[in-house]
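All of these numbers come straight from a predicted model, not from anything done at the bench.
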Amino acid sequence: MRILLTGAAGFIGRHIHSALSPDHEVIGIDALLDSAHGPIDAMDGIIRADVRDHDALVQLLGGVDVVCHQAAVVGAGVDAADAPAYASHNDFGTAVLLAAMAETGCRRLVLASSMVVYGEGRYRNTAGDIVVPGPRTGLAEGHFDNTDPETGEALEWTLVEEDSPLQPRSTYAASKLAQENYALAWSLATGGSVTALRYHNVYGPHMPRNTPYSGVAAMFRSSLECGLAPQVYEDGKQARDFVHVQDIAAANVRSIEANLPGFTALNVSSGHPITIGEVAATLSEACNGPSPEITGKYRSGDVRHIVASPERAYTVLGFRATIGPVEGLREFATAPLRDAEGTGAPHV
């Protein structure tokens, strides 16, 4: 099979490239932006190409059976000024790619999406009823739990499924949902197939070092490498799903080889929830570092809990993650990180 892999030089892209069978012919492309990779002129086996370059894509797509689209500006964004970069690289880049695929007759796409499209997680009250929480209030006083707007009682999280409402709460989240929407429209217009993989908190070897756009696991790692205690926001009890990058790569390989019809969105998660406090404590213990500090600080846009159901991915793809978060995080505590440090959102 001939595969075009975008974002091939990135954290996840490189792991997907390694996981694909040598029976496949993989064309890896990447814009090699300084903001993602640091100053770089070239990378072995990677073609320097921007997914916003229609003419370059048309040339590269000749004979391609499936596109695995990982190229994107990542992270929640630091401020509103980042929005044009997300819209340009993620939204417009995906639209150009889909147009080039339609022009060249490539009808299969595996898309890197994200849990952030859901926004807030899913909650239930003590009676077991699903409740949509209101905005969190009292954060400054240390009241972090979501509450029932009618009764005021604290709500418990439950698993988010793929048919849950999509309510992005950050610039990055808005761009990932836009990618899904463009892909769905393309699928309906062309008869092509799309598998949108909604990654949960990805971590693993060669993750980028600490930047304002890094995941929390890498930020904790960076603190520990400096001999500092990881700074845990709120009370550390926020529930998440941390999924190892090798499992992310395996889900992409299965999606490439499965050839699912139509548009299919799938959660890609470990299936083993863990709190942010437990993530920090696991990393600290594994590298004999200082204990985490529960700061009580907060970010107003953060969600309290978001934990995914992995069942549809198993039913549809036969995919289950093989690396649990405790095992994986212990390994991650001393795993190599990427030498190049990004500098922020790229220029448009």
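- A salt bridge links Glu225 to Arg221: one of the charged nitrogens lies within less than 4.0 Å of a carboxylate oxygen.
- With hydrogens and angles left out, the side-chain atoms of Tyr118 and Arg198 include a donor and acceptor closer than 3.5 Å.
- The pair Glu156-Arg122 does not count as a salt bridge, with every side-chain nitrogen at least 4.0 angstrom from each carboxylate oxygen.
- Cluster annotation: Leu317 is not connected to Leu159 through the hydrophobic network of ILVMFWY side chains, with a link wherever side-chain heavy atoms come within less than 4.5 Å.
- Heavy-atom contacts from other residues, nucleotides or ligands closer than 6.0 Å to OH of Tyr123 number more than 12.
- Counting heavy atoms from C-beta outward, Cys68 and Ile256 have side chains that approach closer than 4.5 Å.
- In this structure, the side chain of Asn267 engages the main chain of Ser309 through a donor-acceptor pair within 3.5 Å.
- Listed for the Gln179 side chain is no donor-acceptor partner under 3.5 Å among the backbone atoms of Ser113.
- Of all non-hydrogen atoms in Ile46 and Ala9, the two that sit nearest each other are CD1-N, 4.3 Å.
- Contact of the Asn125 side chain with the Thr151 side chain is not registered, since no non-hydrogen atoms from C-beta on lie closer than 4.5 Å.
- Nearest heavy-atom pair across Ala281 and Pro292 is N-CG, 3.6 Å.
- Nearest heavy-atom pair across Ala49 and Leu60 is CB-CD1, 4.0 Å.
- A salt bridge is absent between Arg254 and Asp247: the closest approach of a Lys/Arg side-chain nitrogen to an acidic carboxylate oxygen does not fall below 4.0 angstrom.
- The CG atom of Leu228 sits 10.5 Å away from atom CD of Glu293, with the distance rounded to the nearest 0.5 Å.
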*asked:* Checking Val194 against Leu184 for the side chain to side chain contact (heavy atoms under 4.5 Å, CB included) test, could you report, in this order, the C-alpha distance in whole Å, the side-chain angles of both residues, the deciding distance, and whether it holds?
replied: CA-CA 7 Å; Val194 177; Leu184 172 58; over 6 Å; no
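- Geometric assessment of Arg338 against the ring of Phe11 yields a negative cation-pi assignment under the 6.0 Å and 45° thresholds.
- In this structure, the side chain of Arg48 engages the main chain of Leu32 through a donor-acceptor pair within 3.5 Å.
- Under the 4.5 Å side-chain heavy-atom criterion for grouping Ile, Leu, Val, Met, Phe, Trp and Tyr, Ile306 is not connected to Tyr233 through any hydrophobic cluster.
- Side-chain atoms of Asp302 and Gln238 include no donor-acceptor pair closer than 3.5 Å.
- Between Asp145 and Arg304 the shortest side-chain heavy-atom distance falls below 4.5 Å.
- Note that the CD1 atom of Ile248 and the OG atom of Ser269 stand 8.5 Å from one another [nearest 0.5 Å].
- Listed here is the closest heavy atom pair of Lys176 and Ala72: NZ-CB, 4.0 Å.
- For Arg108 and Asp65, the salt-bridge test fails: no basic side-chain N is under 4.0 Å from an acidic carboxylate O.
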*For Arg52 and His89, run side chain to side chain contact (heavy atoms under 4.5 Å, CB included): C-alpha distance rounded to whole Å, both residues' side-chain angles, the deciding distance at 0.1 Å, then the answer.*
CA-CA 7 Å; Arg52 298 172 298 175; His89 289 271; 3.1 Å; yes
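- Within the 3.5 Å criterion, the main-chain N or O of Gly271 finds a donor-acceptor partner in the side chain of Asp241.
- For the pair Ser187 (side chain) and Gly192 (backbone), a donor-acceptor distance under 3.5 Å is present.
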_What verdict does the salt bridge (charged side-chain N to carboxylate O under 4.0 Å, His left out) test give for Glu278 and Lys237, after you've listed the backbone C-alpha separation in whole Å, the side-chain angles of each residue and the deciding distance to 0.1 Å?_
CA-CA 8 Å; Glu278 289 171 333; Lys237 296 179 181 178; over 6 Å; no
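- Contact check for Val279 versus Pro325: no side-chain heavy atoms found under the 4.5 Å cut-off.
- At distances below 3.5 Å, at least one donor-acceptor pair connects side-chain atoms of Trp186 with backbone N or O atoms of Leu98.
- At a cut-off of 3.5 Å, with distance as the only test, no side-chain donor of His200 or Ser270 sits close to an acceptor on the other residue.
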_Apply side chain to side chain contact (heavy atoms under 4.5 Å, CB included) to residues Val64 and Thr104 and explain how you reach the verdict._
CA-CA 9 Å; Val64 166; Thr104 57; over 6 Å; no
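- More than 12 heavy atoms of other shown residues, nucleotides or ligands fall within 6.0 angstrom of atom CD in Glu257.
- Considering all non-hydrogen atoms of both residues, Tyr86 and Val74 come closest at OH-O, 3.0 Å.
- Follow the hydrophobic side-chain contacts under 4.5 Å out from Leu329 and you never reach Val307; the two are in separate clusters.
- Using a 3.5 Å distance cut-off with no hydrogens or angles, the side chains of Asn252 and Tyr199 do pair a donor with an acceptor.
- Under a hydrophobic clustering in which Ile, Leu, Val, Met, Phe, Trp and Tyr are joined whenever their side-chain heavy atoms come within less than 4.5 Å, directly or via other members, Val245 and Val26 fall into the same cluster.
- Hydrophobic clustering (side-chain heavy atoms under 4.5 Å, transitive across Ile, Leu, Val, Met, Phe, Trp, Tyr) groups Leu109 together with Ile29.
- Residues Tyr172 and Asn90 meet the side-chain proximity criterion, which asks for heavy atoms closer than 4.5 Å.
- In this structure, the side chains of Glu311 and Glu161 stay at 4.5 Å or more apart for every pair of heavy atoms.
- Contact of the Val51 side chain with the Val96 side chain is not registered, since no non-hydrogen atoms from C-beta on lie closer than 4.5 Å.
- Between atom OG of residue Ser164 and atom CD of residue Glu120 there is a gap of 12.0 Å, rounded to the nearest 0.5 Å.
- No donor-acceptor pair closer than 3.5 Å links the side chain of Arg312 to the backbone N or O of Leu266.
- Ring centers of His244 and Tyr203: under 6.0 Å apart, within the cut-off.
- Between Ser291 and Ser284 the shortest side-chain heavy-atom distance does not fall below 4.5 Å.
- Annotation: Glu153, atom CD; neighbour count of heavy atoms from other residues, nucleotides and ligands within 6.0 Å is above 12.
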*Could you please spell out the steps behind the side chain to side chain contact (heavy atoms under 4.5 Å, CB included) verdict for Trp157 and Asn146?*
CA-CA 9 Å; Trp157 63 262; Asn146 289 106; over 6 Å; no
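- Of all non-hydrogen atoms in Cys106 and Val67, the two that sit nearest each other are SG-CG2, 4.0 Å.
- A donor-acceptor contact shorter than 3.5 Å links the side chain of His15 to the backbone of Pro205.
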